[in-house]
Amino acid sequence: MKRQIGTGPCLACGETIPYKEADSGALSVCCPWCDFSGYGRQGTQARKILESKMNPATKIEPTPEPTPAKPAPAAKPKTATIFG
């Protein structure tokens, strides 16, 4: 499954297009105006070139809910000491 991680110019015609990332980490672009497509696997020079042209998405990811703190353990009652 691919998710859009930003936008940027088409490397052929310059129109703004979506930049998408696959579950495998590969970055792909496809221009609907000129049919240019590009692909860069994780860790390759092609990926670095595509990333350098991309404007990151401005969508703010939701922050996870804070986990509730564990209640403090109950204090043990003190026992009386009898001196005799």
Side-chain angles (χ1 to χ4, degrees):
M1 177 169 229
K2 293 182 182 178
R3 63 184 180 92
Q4 182 174 340
I5 60 170
T7 59
C10 171
L11 301 178
C13 72
E15 291 287 335
T16 301
I17 58 174
Y19 281 50
K20 297 181 179 182
E21 185 176 49
D23 292 337
S24 65
L27 186 61
S28 64
V29 296
C30 186
C31 181
W33 289 275
C34 71
D35 285 337
F36 171 82
S37 63
Y39 179 83
R41 289 184 184 170
Q42 189 79 10
T44 63
Q45 187 67 26
R47 165 83 185 213
K48 291 176 187 173
I49 292 169
L50 289 173
E51 283 180 335
S52 72
K53 306 293 182 186
M54 179 181 68
N55 301 318
T58 57
K59 183 174 93 172
I60 298 172
E61 296 294 326
T63 55
E65 292 293 322
T67 55
K70 292 182 180 179
K76 294 181 181 178
K78 292 184 179 181
T79 55
T81 306
I82 300 176
F83 293 99

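Both backbone and side-chain heavy atoms feed into the values below; hydrogens, waters and symmetry mates do not.
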Listed pairs under 3.5 Å, donor-acceptor, residues 13-22 side chains, sequence neighbours left out:
from, atom 1, to, atom 2, distance (Å)
Tyr19, OH, Pro9, O, 2.8
Glu21, OE1, Arg3, NH2, 3.1
Glu21, OE2, Arg47, NH1, 3.3
Glu21, OE2, Arg47, NH2, 3.0

Taking only residues two or more places apart in sequence, or in another chain, which ones meet Ser37 in a side chain to side chain donor-acceptor pair (under 3.5 Å)? none
Give the other cluster members for Ile49, using side-chain heavy-atom distances under 4.5 Å between Ile, Leu, Val, Met, Phe, Trp and Tyr residues; answer none if it is isolated. none
Calculate, to the nearest 0.5 Å, the distance between atoms CD and CG belonging to Glu51 and Leu27 respectively. 6.5 Å
For Leu11 and Lys53 the tightest heavy-atom approach is CD2-CG, 3.6 Å
Residue set satisfying side chain to side chain contact (heavy atoms under 4.5 Å, CB included) with Ala12, at least two apart, ordered chain then number -> Cys10, Cys34, Phe36
Could you give all pairs that pass the salt bridge (charged side-chain N to carboxylate O under 4.0 Å, His left out) test and reach residues 36-45, with sequence neighbours left out? none
